[in-house]
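First the structure, in the form of structure tokens, and then the observations on it.
All values derive from a computational prediction rather than experimental measurement. Heavy-atom basis, side chains included; hydrogens, waters and symmetry copies ignored.
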Amino acid sequence: MTPSIKKKLKRRNAIEPIIGYIKQDGHSGLNRLKGKLGDKLNAVLARVGQNCRKILAQQLRLFYAWILYQLLTARSAVQ
């Protein structure tokens, strides 16, 4: 096996869990779009959905941290 093939196989092993996660949580196990273009669009849309979920989770964490900070500073101001 050539070094190039070994490198490609390692990269594929790193990507497989991400693809499985997108298929399961992104509900993209079944492609309802037709043809080769539909396959490509389905993959892109699944990834867009994955990125939106990541961004939303990060924003929610920041929002919760901000609320906690506001509550703690309001509590210390009252005392």
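Taken to the nearest 0.5 Å, the CD atom of Gln58 stands 5.5 Å off from the CG atom of Leu62. Here the CD-CD1 distance, from Gln50 to Ile55, works out to 10.5 Å after rounding to the nearest 0.5 Å.
Under the 4.5 Å side-chain contact rule for hydrophobic residues, Leu37 and Val44 do not share a cluster. If you chain together hydrophobic residues whose side chains sit under 4.5 Å apart, Leu68 and Phe63 never meet in one group. With hydrophobic clusters built from ILVMFWY side chains whose heavy atoms lie under 4.5 angstrom apart, Tyr64 shares a cluster with Trp66.
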